[in-house]
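The block underneath contains the structure these notes are about, expressed in structure tokens.
Below, all heavy atoms of this structure are taken into account, side chains as well, without hydrogens, waters or symmetry copies. The structure displayed is predicted, hence computed values, not measured ones. Here is how names work: the chains are called A, B, and so on, in the same order as the sequence lines, proteins then strands, and each is numbered from 1.
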Amino acid sequence: MIGRMNIRDELEKRISAALTAAAAAVQPVPAIVSPAAKPEFGDYQANGVMAAAKAARMNPRALAAKVLEKLDLSDLAEKVEIAGPGFLNITLRTDLLARAATAAAADSRLGIAPAARPQRIVVDYSAPNLAKEMHVGHLRSTIIGDALVGVLEFLGHHIIRQNHVGDWGTQFGMLLAHLDELGEDAAGSELSDLEEFYRQAKKRFDEDPDFADKSRQFVVRLQSGDADCRRHWQKFIAVSLGHCQEVYARLNVRLMSADVRGESAYNADLPAVVEDLRRAGLLTESQGAQCVFLDEFKGEDDKPLPVIVQKSDGGYLYATTDLAAMRYRAGTLHVDRILYVMDHRQSLHLRQLFAVSLKAGFISPAVSLEHVAFGTMQGEDGRPFRTRAGGTVKLIELLDEAARRALEVVRAKSPEMPAEQADTIARVVGVGAVKYADLAMDRIGDYRFSFDKMLSLQGNTAPYMQYAYARIQSIFRKGAEEAAGLAGVPIMLNQPAERELAKRLGRLEEVLGSVAAECKPNVLTAYLYDLAGVFTTFYESCPVLKADSPEIRASRLRLCDLTARTIRLGLGLLGIEVVEQM
RNA sequence: GCGCCCGUAGCUCAGUAGGAUAGAGCGGCGGUUUCCUAAACCGCAGGUCACAGGUUCGAAUCCUGUCGGGCGUACCA
């Protein structure tokens, strides 16, 4: 039981109860427990007393004293003190930390309990446009979404990945029109470079109004089931999805072809969506288009802003498709929560989507609809991420470059390492660096991409974490014991550094909970980086293999093993692999 | 015009529900290797948290305004 306990939540629960009673409050009063800001404040601190005192018009320190009277933490804490204006500083019992670490080490889940109330969660992420190859614009959604999937799934939720690929819109009209002009045979070879084919079509679309018209006609033909169009379209899709799976494999991303549910999957539902909106009295015809106007959305000059669900030519738009997807997720998938991992520019679209879905009854208000927004990726110069020639950077080329640079780093430091091994390590480190750098950033801000920074061994980077892991593994290579042979060994915390390490290890569950609640992977990377730092302090002050006694040696090996497994698990949930040696 | 987001050390970024003396990494300066990976670690210097008001025991965090930047704003996705 000790291993399966979230210490912060337990403290929160108990102190909150005592605080509620002490303040004679009707509603529960939160204790607001967080890790102590400074070592002299103990291990955890409760900040909620002052706010409660204000609400109850009491003296905060007097209230804190009353809380202590009603609070029994003797099984968890060796000391609870009132400090400053009314903080409660909590020092945990060292034997509690030791038992928790021992239990975690004996558990394949490292003591993390699965969610008490598992949810069905749709994570809508990656969603590349299949008309062209995946480029850096698809990177953040794919990486962030997949990291969230990893964490949520580990916490026991039922995750339904939805790769809402763009396989159905205007862009395919462009491709079909271009294909039509080139002739099927001539186009065959050019399809191998979908990116170039798309670029040509796009150029014609932008420059030639007749071509643009023709493209739109092809969209209508495609959507109405024209056999030739369908056949060519399927060829585009097959080529493109093949590219995607290649990239996903390279990225070590959990998306499978079964997770693809593209825009085309909702084609048959679109008339019904519009009809439902009409029946709900939400539909208005404006300038020939079918629109939903909501009061809360205003456009230029304060004019009402429509959500257009059907164009004047009868075609449907992505809003329609997204509404259909919403109905599917609510009605067929029965979800509790939907995460839209999309860049922040989609913010208005999603707010409209959520609002219309609720108004139309496509989704229950009980379902949590969340825009997991992120900023744009910029080059090292702070400008949009482009090739030197100004084109978009293909993802596969970006990953090749990362691996190439990682190999340089590995070779420089381990020249004696066999080439094949160095190569394997470089690929893991290179991809890991790209992903970790993205995840370590607060996602809402724009993000400046820098190979040099992400591949640095200093600071909060993948190579640093992977190195921290590899260094621990080397202890086991040097020592006679296998990590597995340590089963049942009790962890003892006699040194401050050992205690600090155990304390950090015990925070994994609260960190994962926070990542899951806020959809913030950088909370986990920050934790891992902090853990690695605390481990280093331990590693430098506490000899492991040359410990004073066999018991201490075994205990420290166990701590090392638990730290390594925590790093491996944490990185793994984020979609980043470790290497045994660097 | 209106809306959303952002502004923290020279640079790149953290900062969890408003909490105690705002933290890392890089770069700069100075140290540490008879010892399990020095690809590491330790120390020093560096801040009007864009600016001005307000809320309160307490504000980088909440509110209002200003400045600066990004994005969005009717038939692309």
* Asked: Among all residues two or more places apart in sequence or in another chain, which pass the side-chain contact (heavy atoms from CB on, under 4.5 Å) test with A:Thr20?
  -> A:Ser16, A:Ala25, A:Pro28, A:Val29
* Who passes side-chain hydrogen bond (donor to acceptor under 3.5 Å, both in side chains) against A:Glu370, sequence neighbours left out? -> A:Arg337, A:Ser368
* A:Glu408: what forms a salt bridge (Lys or Arg N to Asp or Glu O under 4.0 Å) with it, not counting sequence neighbours? -> A:Arg404
* To do: Not counting sequence neighbours, which residues clear salt bridge (Lys or Arg N to Asp or Glu O under 4.0 Å) with A:Lys214? List them please.
  => A:Asp180, A:Glu181
* To do: Any pair with a residue in residues 511-530 of chain A that passes salt bridge (Lys or Arg N to Asp or Glu O under 4.0 Å), sequence neighbours left out, goes on the list, sorted by first then second residue, please.
  => A:Asp442-A:Lys520, A:Arg504-A:Asp530
* Produce a footprint string for nucleotides 15-24 of chain B: one letter per nucleotide, 5' end first; B if the base is under 4.0 Å from any protein heavy atom, S if only the sugar-phosphate is, - if neither. => SSB-BBS--S
* To do: Give the B/S/- string for nucleotides 72-77 of chain B, one per nucleotide from 5' to 3', where a protein heavy atom under 4.0 Å of the base yields B, of only the sugar-phosphate yields S, and otherwise -.
  => SBBBSB
Distance-only donor-acceptor hits, side chain of residues 464-472 of chain A, under 3.5 Å, sequence neighbours excluded:
from     : atom 1 : to       : atom 2 : distance (Å)
A:Gln466 : NE2    : A:Glu577 : O      : 2.9
A:Tyr469 : OH     : A:Arg568 : NH1    : 3.0
A:Tyr469 : OH     : A:Glu580 : OE2    : 3.2

* Asked: Mind checking what makes side-chain hydrogen bond (donor to acceptor under 3.5 Å, both in side chains) contact with A:Glu498, not counting sequence neighbours?
  -> A:Arg556
* Structure fact -> Output field dot_bracket for RNA chain B (Watson-Crick or G-U, both distances under 3.5 Å, | for other-strand pairs) contains (((((((..((((.....[...)))).(((((.......))))).....(((((..]....))))))))))))....
* Asked: Sequence neighbours excluded, which residues qualify as side-chain hydrogen bond (donor to acceptor under 3.5 Å, both in side chains) partners of A:Asp423?
  -> none
Distance-only criterion, 3.5 Å: show the donor-acceptor pairs between side-chain atoms of residues 313-325 of chain A and protein atoms not counting sequence neighbours.
from     : atom 1 : to       : atom 2 : distance (Å)
A:Asp313 : OD1    : A:Gly315 : N      : 2.8
A:Thr320 : OG1    : A:Val309 : O      : 2.6
A:Thr320 : OG1    : A:Leu317 : N      : 3.2
A:Thr320 : OG1    : A:Leu317 : O      : 3.1
A:Thr321 : OG1    : A:Leu317 : O      : 3.3
A:Asp322 : OD1    : A:His164 : NE2    : 3.3
A:Asp322 : OD2    : A:His349 : NE2    : 2.6

